[in-house]
Structure formats: C-alpha cells, structure tokens
Protein chains: 4
Amino acid sequence: MSNLPPPDRNGTRALLLDVAERLFAEHGFEAVSVRQLAAAVGANVAMVNYHFGTKQQLLEEIITARLPETRERLESLSRSPLSPWEKLSLTVDMYAEKFFQGRDFHRLIMREMSLRQRPALVKIITDHLAHNLALVRGFILDGQQNGMFRPVDAELTVATVFGSFSSLISHCSLMCAILEEDCEEDIYSEKSQIRFKAHLKGMLQAHLMGA
Amino acid sequence: MSNLPPPDRNGTRALLLDVAERLFAEHGFEAVSVRQLAAAVGANVAMVNYHFGTKQQLLEEIITARLPETRERLESLSRSPLSPWEKLSLTVDMYAEKFFQGRDFHRLIMREMSLRQRPALVKIITDHLAHNLALVRGFILDGQQNGMFRPVDAELTVATVFGSFSSLISHCSLMCAILEEDCEEDIYSEKSQIRFKAHLKGMLQAHLMGA
Amino acid sequence: MSNLPPPDRNGTRALLLDVAERLFAEHGFEAVSVRQLAAAVGANVAMVNYHFGTKQQLLEEIITARLPETRERLESLSRSPLSPWEKLSLTVDMYAEKFFQGRDFHRLIMREMSLRQRPALVKIITDHLAHNLALVRGFILDGQQNGMFRPVDAELTVATVFGSFSSLISHCSLMCAILEEDCEEDIYSEKSQIRFKAHLKGMLQAHLMGA
Amino acid sequence: MSNLPPPDRNGTRALLLDVAERLFAEHGFEAVSVRQLAAAVGANVAMVNYHFGTKQQLLEEIITARLPETRERLESLSRSPLSPWEKLSLTVDMYAEKFFQGRDFHRLIMREMSLRQRPALVKIITDHLAHNLALVRGFILDGQQNGMFRPVDAELTVATVFGSFSSLISHCSLMCAILEEDCEEDIYSEKSQIRFKAHLKGMLQAHLMGA
DNA sequence: GATGAATGAGAATTCATTCAT
DNA sequence: TATGAATGAATTCTCATTCAT
C-alpha cells in the first residue's frame, strides 16, 4: 500500500518510449538512429543507453509493455455470460478501437513479426497474439458446438479477421487508394471505424450464421 | 553456329537479384548489408554498386520487375466472358498461388508499404496494387449490378481478401501458431493452400450471395 | 573556485584544424584522407565527422575562420590619414608578413581558387580577396587623383602585386631554383622577406611615381 | 624513311590527352576519376590503363609533352641579336600568348607545383621552368651589364613577371572580380591580352629603365 | 539524471586497375 | 584496340555504445 508518486513521472524516459514507438513504426527500427531519437525528444545521445541499456531493449520495452492489454480484455470477455455471437461482435469492436487508436504500436509489432531479425521478440509477440486469437477461436467453436454457427474453418476465419485489421493499419497508403480517401486523417476517422466494424460484423454473420 | 545457352551471362547480376529478394524479405532491407549480399552470392562487394548503382536501386529493381505480373493476369480475367462469381473465384485461386509461391517477394513489398522510408517506392507499389484491387472490386460491382451479389461494402470486402493473404504471408509465425502447424513447410504446403482457397471462397460466397 | 585554464578543452577540435591546414596545403584536400588526419592528431577516425560534420566542412571552417583577418587590417589602414604611397608601402609589408607566416593557409586558399570543385568556397574566398584588393586599388586611385601617382593600370598593378606574393608562396620549389636558395628555410627567412619587400616597393615606386 | 601515317592518328589516345588536360585543370587530378575520363571521351574504362599504364602516367605524359615548347622559343630568342629590352618585350608577348591560349595546361602545372604529392613531376616541371626563367633573368643581367637597365633585383623581377601570369591564369575568379569583367570569355579575350601586355611592359620599363 | 567527447566497428560507395574475350 | 565484368583496397561517413565529469 505504498502510495508512491507515479513511478514514470520521469520525463525523459517516458518521452523516449513514446517518440520511439512513433518513429520505429514509421521508419522501422533499423532506420531510426539513437541520435535521431535523442534529438526528437531534446535529450542527450547517452540517454537511450542510460535508461534502457541498449537500443534493442528500448524496442523490447515498448512492445512488452503494451502487449498484455488486449489479452486481459479478451479474457474477461471470455468469462462473461454473453452468447458466442455477442462475444465475437464485441471482439470486433474492441480490436477496431485498439488498432485504430494504437496504430503505431500495431504497425510496429506487425512489422516485427514479418522479420526474422529478433527471434526472441517475435516469439513474445507471437505467443501473446496466438493466445488472444485462440480465445477468439474459442468463441467460434462455442457457437459451433451449440449449433448457432455453421461448421466453417474456425482458424482461418480468425486469420481473416486479424488480417483485415492488420492490413488496414499496415498498408495505409494502399487502403487510402482503395477507399478513395485522401488518407491518414480520413481513413482512421470515427466514420471509417464505424464502416469497418459494420463490414466485418456483416461478413462474419453471413459466414457463420447464414444470411 | 554457336547456339549456346546464355553461358554465364548475367550470372552475378541475376544471382544478386534472387538472393537479395530472399534476404531482404527475411531480415529487412536495412538489416542486410552489401557485404552480406556479396558474400551470399560469392561475389565482390563492389558488384552490387557496379550492377545496380546503389543498394536501394537493387531493391527497386527487384520490386518493379515483378510488380506487373499480377496486373496482366487480372486484366485478362477482367476481359473474359465469365460470370462475376467465376471471376472472383479465379482471382482467389490466382492470388493464393502467387502469394504462396512468391512469399519472399510479397513479404518484401508488404513490409515496404508499411514503412515511410522510401516514398517513391511506396507509391509505385501502391499504384500497382490499387489498380489490381480496383479490378477485383469491379467484379463485385458487376455482380451487384446484375443482382447476383448482395449490396455489401465492396471496397472493404476487397480489403479483407487482400488482408487475409497479406497476413498469412507476412505473419507466418503467428499463422503457424493459430493453425497449429509446425510451420514453414506445412503452412505453405499444397494442402494448406487448398484449405485457404476453400475458406476464402466459402466466406465470400456466404457474404456476397447468402448461404 | 576552480579558475582553471581551459584544461584540455577543444583539444581535439583545435588540433584537427591546425593539422588539417598543414596537410591540405601540402598534399591537397582530396589527397588527405580522414584516416590520415585522425592518425596525425592521434584521434579517432570519427572525430572529424563528430566535430565538423564532413571533411569538406572542416576545410570550410579552416578557410572561413582566417579570411577576415586581412580585411580588418586593410580597412583600418584605409581609414588612416597616411598618404597613398605610405598606405601602399604598409600594405606590401603587411601582405609579406601574412603570406610568409601563414604560408600553409595561403597556399590552401590559392589552390582552392584555382579549382572548380567547390564553387561555394571559391565564391567566399574570391569575395573576401576581391574586397581586400579593391581597397588596395583605392590607394592607387587616390594617389592618381591627387597627382602623386602616374596614370598606370591600377587593377593590373594590384594583380601583379598579388600574383607576386601568390607565386612566391605557391611555387616554392620554382622560387628556390630561381633564387638559388637551398629552399624552404632559406626562401621564407627573415632575410628573404626583407629582400622581397624591398623589391616590390622599389618596383611600385618606379611604376607609380617614376624613378 | 618510313612515311608512316601520323603516329597519333589513333583517336582515343589523343582524345584522352586532350580531355584529361581540361578536366585535371578544372577539378584537379585526384578529383577526376578514370571512369569520368572514359565517359567524357566515350571510351571504355580500361582505355586509360591500356594507353598510359596508370592514371598518373597519363598526367605525366600530358605535362612532359608540352613543357619543352616554351624552352625552345626562349632559347632561340636568347641567341638572337636583339637588344635586352627587345628580348624582354618579346618574352612578355610570348608568355602572354602561351598562357592565355594554353590556360588549362598552365593551371595544371602550376597547381601541380604547389602540391607535394608527386615530387618527381614537380622536379621535372621546376627544372623546365627554372631553366626558362634563368634565360629571362639573363636578358635582365645583360641589360644591366651594358648599362641599359638599372641594378634592380633581377631574380625577383623575373618572379614578379611569372607570378603575374600565373595568378591571372590560376585565380581567374578573383581576377574577374578585380577587373570587373563578367569572367571567362572576357578575361581571356584578345582585348584583355593586349591590356595585360601593355601593363607588364610599362611596369618593366619603369622598373628597369626609369620613366 | 544528464552532458559532450570519444571509441571502434561497420556501413555504403568509389577507386584504379586487371582480365578474359 | 576495345569491351564489360570483376577485384580488392580505400574512401567518407554513421552507428550504437561508453566514459569522465
């Protein structure tokens, strides 16, 4: 019951985490130098190593800090007494909000997964996401067992949902072109989010429960 | 009267293109040094610059050389007298084959699109893919106009299909975990490809035409 | 209460400026590598870039730092109440001292001017020197207006004086041969300087004022 | 008595000599790459080494080929029955013509002399020029012996004449500024040459023979 | 916590030159 | 003579990291 002052009150460290997340997401981990980072937060070059040990540890901290969030929300959803379809529907809502809001973070981990550069990090990310998606798959399997859902390919259905989110976030320039938006502000607007949720839910409904 | 097979012509150059595609796909453009590349093909360090000018121009050549392929196949499909659903179905087949076979290339361009490092390259890729996806959207719109398809969100449907492919290729470690495969050989096997095609077509059918 | 003399402050930076001036003057900018420079001052290769950004910026700093000196002295001479001839005579003295003492620097800027490699730098040097020589020409024009000097070609007279200095500094091996000196120590000795001043003043006197 | 076709009828070799002289003069020996040279004459990279052995031997051939010219003309002038002043006057004419016309060559050898990079080459140039200037000094000494010239400093007088030419050629941008010409075409025009000859002869006359 | 100088490894690139054809 | 690919050394510069203050 120690009422400490908020532990990350220290400005530089928190700033570095924030700015690094954005810069890594935009240009890639290897393309952002420690000097650029330091300059971007108005700190000394040595601060990254002082606070995080190495540049890679900074990356690891960015990622591991935010990974557990989704897991917790999915698990509580899983324990709730809602119907499988309601759980799936809320899952779509939650993912949409998370991905749209934390675009940088998700672009970052998705790109990290597509590389074979830092296997330990890939494993951490993969384990987290796989656990989450297994929960989502559970919703589908539940629905199939009680006859509410048709016998679709549950794993690939989950993959399709995840891929839709992932692509919308990672390939923003392409999505702008497809959606004929002027990009960036438009594509991640509240309106777009609503449209995207409706599309995914509609498709899942047809897929799982028929028209 | 020497009708030799091109003897050693372009040996080094072609080798570099091949090996670079694989290495860039695996570790990312910035993480692969020119020295590594040269070592991997058993050539001198200077050969990359000799043949391509700069490392980035090598990347550009890799990408621009293979981009037009898909476009041509989609355009001929577009001109064919098949029904919208048949066109869509063949499109799924073609994309599956292309993505599964040319995994390295597609991982590469998808990661490139997710970065803001080389805007000119992103534009080239985006333009090509957007053109292709506009053709696919055309198939959906055609189906909707002749009453065969339901009034779904055509653009986001296309995005979902693309996202499914993209994620399957780019996030291979995650997909392995979801599909409970031992990865790599399994996930891109003939069997998986058939499964994936069936899933996508089934989902599209339910989405577009009802159960 | 430590009123230390600047202890080791700027050690490396100042050393680099000094040594680079000498090496650039002797072998030419392009022929001196950053490695050689670093080795010559016992510093790390990266120090040139750390302190000056690029090798060329080091050159620019060497040059722009010392250019203004002469200007100030000529301007104060210009404002003085001396006669035109006295001004000219003191100008010869000053130039002789400057050139003999700062041989490396002057060889450097003179060679730089003879190249078309770094136009921005050439412009800076040219502007400075042209301003200075315009002041010297002013002394001649003044003398001509008040009837003390004959109507010689003022611009080319200035050019001749400058050329004499320049050649003595830049073509040292040739000057040694002409003057039948054993070179280097002899040619830039106090004795030589006196001889050179006397020659130039004598020639100018005959040229401007008759025997 | 073999009436061969002129031996340097071979285009590439002669072209290389010409173009290299110009490029070396403009940008300096070290700044001009063999590839640039080859490109400038539309030949293959290997041609420089094929024709001249090394890049430096190309430089040496450029220089040694043209050095003897002036010597011969001065020696024949020396043997002529003209008066010392006439000889000096013709010397000024000859130098002016040579320097103005062969600017590139003279800029090149003058810059070479100001470096300590290629001592053997410096020695060859120095020996040639020193021999020539010794002849010119002889004209002055002759005039002094027969009482026509005053007892000026003969060596430095020669140095001044040489320095005037040298500076006019090497520091063209500065000379343009002093002479308020728009440069390049103007400064080396026929008119400028006449002006320069008149100035030098006038100055020498006053210096050597009084007004 | 923070600074600025310093380090050593490694990056991409360019160089003159060579060689088989 | 001429070509184009190839070589290996050397170039400038940037990197993450460290250290004394």
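By convention in this document, chain letters (A, B, ...) are assigned in the order of the sequence lines, proteins followed by strands, and residues within each chain are numbered from 1. Computation of the quantities below employed the complete heavy-atom set of this structure, encompassing side-chain atoms and omitting hydrogens, waters and symmetry-equivalent molecules.
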Between dT12(F) atom C1' and Met47(C) atom CE, what is the distance in whole Å? 16 Å
Determine which nucleotide pairs with dA20(E), using a 3.5 Å limit on both distances of a Watson-Crick or G-U wobble pair. dT3(F)
For a quick test of reading the model: is some side-chain N or O of Thr12(B) closer than 4.0 Å to OP1 or OP2 of dA6(F)? yes
Taking atom P of dT18(F) as reference, at what distance in whole Å does atom CG of Asn44(A) sit? 14 Å
With DNA chain E as reference, determine whether Ala43(C) or Phe29(B) sits nearer its 5' end, using the nearest nucleotide of each. Ala43(C)
Heavy-atom distance under 4.5 Å between the side chains of Leu59(A) and Leu108(A), does that happen here? yes
Between Asp127(B) and Lys123(B), does a salt bridge (Lys or Arg N to Asp or Glu O under 4.0 Å) hold up when you go through it step by step? CA-CA 6 Å; Asp127(B) 287 350; Lys123(B) 176 144 180 45; 2.8 Å; yes
When you measure from the side-chain N and O atoms of Asn49(A) to the phosphate of dA16(F), is any distance below 4.0 Å, counting only OP1 and OP2? no
Separation of dA6(E) atom P from Leu15(C) atom CG, nearest Å, is 10 Å
5' priority, DNA chain F, between Val32(C) and Ala46(B) [closest heavy atom]: Ala46(B)
Between CD of Gln56(B) and P of dA11(E) the distance, given in whole Å, is 18 Å
Indicate whether OP1 or OP2 belonging to dT14(E) is found under 4.0 Å from a side-chain N or O atom of Ser33(D). no
Gap between atoms CG and P, on Leu37(A) and dC15(F) respectively (whole Å): 11 Å
Watson-Crick or G-U wobble partner for dT11(F), using a 3.5 Å limit on both distances? dA12(E)
Verdict with reasoning, Glu21(A) to Arg66(A), per salt bridge (Lys or Arg N to Asp or Glu O under 4.0 Å): CA-CA 11 Å; Glu21(A) 180 181 281; Arg66(A) 295 185 53 179; 2.9 Å; yes
When the distance from CG of Leu16(D) to P of dA16(E) is rounded to whole Å, what number comes out? 13 Å
Sorted by position of nearest nucleotide on DNA chain E, 5' first, the leading residue of Tyr50(C) and Lys55(B) is Tyr50(C)
Determine whether the side chains of Ser114(D) and Arg111(C) contain a donor N or O and an acceptor N or O closer than 3.5 Å. yes
Atom CZ of Phe24(B) and atom C1' of dA12(E): how far apart are they, to the nearest Å? 12 Å
Looking at His51(C), does any N or O in its side chain come under 4.0 Å of the phosphate oxygens OP1/OP2 on dA6(E)? yes
Looking only at side-chain N and O atoms, does Glu61(B) offer a donor or acceptor that is under 3.5 Å from a partner on Gln57(B)? no
Please report the distance, rounded to the nearest Å, between CZ in Arg35(B) and P in dG8(F). 13 Å
